[in-house]
Structures are given as structure tokens and as C-alpha cells.
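Quick one: structure below, then a few questions.
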Amino acid sequence: MTLVTAKALEKTYIAGDITVRAIRGVDFVIEPASFVSFVGPSGSGKSTLLNMIGCLDPPTSGFLEVAGQDVTHLSSKESARFRGEHIGFIFQDFNLIPVLTVFENVEYPLQMVQNWPKEKRRKRVQELLKSVGMADQGAKYPNQISGGQKQRVAVARALVTNAKLVLADEPTANLDSKTSNRIIELMKDMRDEFGTTFIFSTHDPKVMKNAETIFTLEDGRWAG
Ligand SMILES: Nc1ncnc2c1ncn2[C@@H]1O[C@H](COP(=O)(O)OP(=O)(O)O)[C@@H](O)[C@H]1O
Ligand SMILES: [Mg+2]
């Protein structure tokens, strides 16, 4: 079964008398366990597209199906539920909660969407921290670890609920190039280990070359 199907997908922002056609009719499919990059210059529509796939922002027109469900017209309540069950997110500024430890940050989505007993949560969090190479850092706070380590924690957090789709909007934008490559490698390893599909956006050619499938955007359409 295809994981993401988009047909004639469009997103238009209207602010006052300014209309921006951010995504102008794109079609694509993304298969399970794939490792995909959306690339293109700033303003080309990468975030808009990821936000629609992640059910953070509804399409203006067209058709969008994710994980077997038509998500084109979800209410905000349905979207929130769908995200919690099916999608993990990784952000360029990491978005860890500063007052929670590394362990608690990874545990947080389990408490939000899955009513697991404490010991089951602990095992699951520890398994994920181990997978991302942070097994012995769980007691630290985000301000006590490096940017690369923060993004490892964010990868663990995105995977902890066993989401089959992880969306990462410019996940390496705030990392140096060596650390960037390591994070992309880590995401690919996680794809291999858990069968999770990753879609990440970037405008960095060194980062995009690590993807297996590349979709290039230009002014809200596929380039070329
Ligand atoms: N909330 C919004 N309101 C109005 N215009 C927006 C909004 N978000 C994005 N845009 C516009 O849509 C276009 C695509 O933006 P975006 O998806 O953020 O591109 P990228 O992530 O590739 O930099 C840009 O012209 C941007 O200014
Ligand atoms: Mg963007």
C-alpha cells in the first residue's frame, strides 16, 4: 500500500489582498519505508507541502491520502488525532522542551497519545535512546547537550509512538555539515531498523545527495 498519494494538490495563502499560490498542483506518491527529500530554494513550497502531508495545514484543493486515510478535509480535531497516531515530526530548531530531561522529552508523545503503564513507557523510551546513541544521556536537560545530540533526541521522540511516517523540515539547518551528515545517516538507519518512511526537506546539496528519492520544487511545482 502506498503511504502518501497526492493528486493536483494546491495550497493558496490569502492574506488581505495578497494571494500566494505556494503549491500549484502537484502529484506524487511515496511508498512505505522510503527515504525522500523535498528540495528547492527558500520560498519554493517545501514547508507548505510538508505541513499538508503532516495534517498541520489543509490543502486548498486536490486530493491527499496518508496511511490509507483521505486527509484532504479533516477537521482540526481529526487532524490532531491523526498526527498523534501516524506522524512524527523533526524540526530545524529541535523543539525539545527545556524543562524536561532527554528521557522525558522522548516519553512525552507516549503520554499524549498512548495510555501505556510507566514501565512499558520506560522500556520503549530506553530502546529508542539506545537506537539513536543517547542511551546514557537520558537524565540530561536539552541545554546540557550539543545540537547534534538534540537532533538525535528529536529523532527518538519522532519514532517513539511507532509512527510510520516522519516529517523533518530542514532538520540539519542548524547543524554543521559533519553533524548534518550524521543525522541524515541516523535517519536512514532508523528507516532500515523500523521501516519508517522519512521525508525531509533541505536546500543544502550536500544533504540532499544522501536521499534515495529526490523531489525538486520550483515556485510550488515540480521542477523540470
Ligand atoms: N502562512 C503563510 N501565509 C502567507 N504566505 C505564506 C505562508 N506560508 C508560506 N507562505 C508563502 O508561500 C511560499 C512557500 O513558502 P514555504 O512553503 O515556506 O517555502 P520553503 O519552505 O520552500 O522555504 C512563499 O512564497 C511563502 O512566502
Ligand atoms: Mg521552509
Side-chain angles (χ1 to χ4, degrees), residues 3-30 34-66 71-80 82-83 87-96 147-148 150-151 154-155 157-158 163 165-177 179-181 183-184 186-187 197-224:
L3 189 67
V4 183
T5 303
K7 290 181 187 152
L9 197 63
E10 300 219 11
K11 181 72 185 184
T12 302
Y13 295 107
I14 298 168
D17 47 8
I18 298 171
T19 299
V20 180
R21 293 184 68 202
I23 294 294
R24 305 197 275 170
V26 298
D27 296 79
F28 60 96
V29 294
I30 291 173
S34 48
F35 198 69
V36 177
S37 187
F38 288 165
V39 309
S42 180
S44 59
K46 303 181 295 295
S47 296
T48 300
L49 198 47
L50 284 171
N51 289 346
M52 285 194 282
I53 297 169
C55 301
L56 292 163
D57 209 7
T60 305
S61 64
F63 170 79
L64 182 62
E65 184 184 273
V66 179
V71 299
T72 320
H73 304 291
L74 294 185
S75 70
S76 63
K77 200 173 163 188
E78 289 165 337
S79 300
F82 184 83
R83 286 196 299 274
I87 303 174
F89 293 92
I90 297 170
F91 304 92
Q92 73 174 56
D93 50 5
F94 320 121
N95 275 25
L96 301 182
K150 282 181 197 157
Q151 206 56 312
V155 171
R157 179 183 57 184
L165 175 60
V166 171
L167 304 175
D169 197 358
E170 310 235 10
T172 63
N174 289 319
L175 301 173
D176 62 66
S177 63
T179 310
S180 295
N181 283 328
I183 289 296
I184 300 297
L186 173 69
M187 296 197 308
T197 295
F198 282 82
I199 309 175
F200 66 96
S201 68
T202 183
H203 56 254
D204 182 344
K206 290 201 294 289
V207 171
M208 73 182 75
K209 76 176 195 312
N210 292 306
E212 287 173 357
T213 308
I214 295 176
F215 290 99
T216 305
L217 277 164
E218 211 175 82
D219 289 332
R221 288 201 182 100
W222 298 135

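Counting starts at 1 for both ligands and their atoms, following the listed order.
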Fill in: Distance flag for atom 27 (O) of ligand 1, protein heavy atom under 4.0 Å
no
Worksheet item: Does a donor on one side chain and an acceptor on the other come within less than 3.5 Å for D176 and T179?
Response: yes
Worksheet item: Backbone, side chain, both or neither: what part of V20 comes under 4.0 angstrom of ligand 1, heavy atoms only?
Response: side chain
Response to the item:
In terms of its nearest heavy atom to atom 13 (C) of ligand 1, the top option of S47, G43, S201, S44 is G43
Worksheet item: Just by modelled atom types, is the E78 backbone N or O under 3.5 Å from a matching donor or acceptor in the S75 side chain?
Response: yes
Worksheet item: With a 3.5 Å cut-off and no angle check, do the side chains of N181 and N210 form a donor-acceptor pair?
Response: yes
Worksheet item: Can you tell me if A15 has a non-hydrogen atom under 4.0 Å from ligand 1?
Response: no
Discussion item. Against ligand 1, does P41 come closer than 4.0 Å with any heavy atom?
Written reply: yes
Practice prompt. Name the closest protein heavy atom to atom 12 (O) of ligand 1, giving the residue it belongs to and the distance to 0.1 Å.
Written response: A22 CB, 3.4 Å
Discussion item. Would you call the rings of W222 and F38 parallel, tilted or perpendicular, taking 30° and 60° as the class edges?
Written reply: tilted
Discussion item. Strictly inside 4.0 angstrom of atom 2 (C) of ligand 1, do you find any protein heavy atom?
Written reply: yes
Discussion item. When you measure from the Mg ion (ligand 2) to the N, O or S atoms of S47, does any of those distances fall below 2.8 Å?
Written reply: yes
Fill in: Atom indices of ligand 1 within 4.0 angstrom of S42 heavy atoms, with elements
23 (O)
Worksheet item: Should D27 and L9 count as side-chain neighbours, where that means a heavy-atom distance under 4.5 Å?
Response: no
Worksheet item: Can you tell me the protein heavy atom closest to atom 9 (C) of ligand 1 and the distance?
Response: Y13 CE1, 3.4 Å
Item to complete: Examine the side chains of T48 and Y13 and answer whether a donor and an acceptor come within less than 3.5 Å of each other.
Response: yes
Practice prompt. Give a yes/no verdict on whether any heavy atom in G45 is under 4.0 Å from an atom of ligand 1.
Written response: yes
Fill in: Side-chain heavy-atom pair F82, V66 within 4.5 angstrom cut-off
yes
Discussion item. Checking the side chain of K7 only, and the main-chain atoms of V26 only, is there a donor and an acceptor separated by less than 3.5 Å?
Written reply: no
Response to the item:
protein heavy-atom neighbour closest to atom 15 (O) of ligand 1 works out as T48 OG1, 3.9 Å
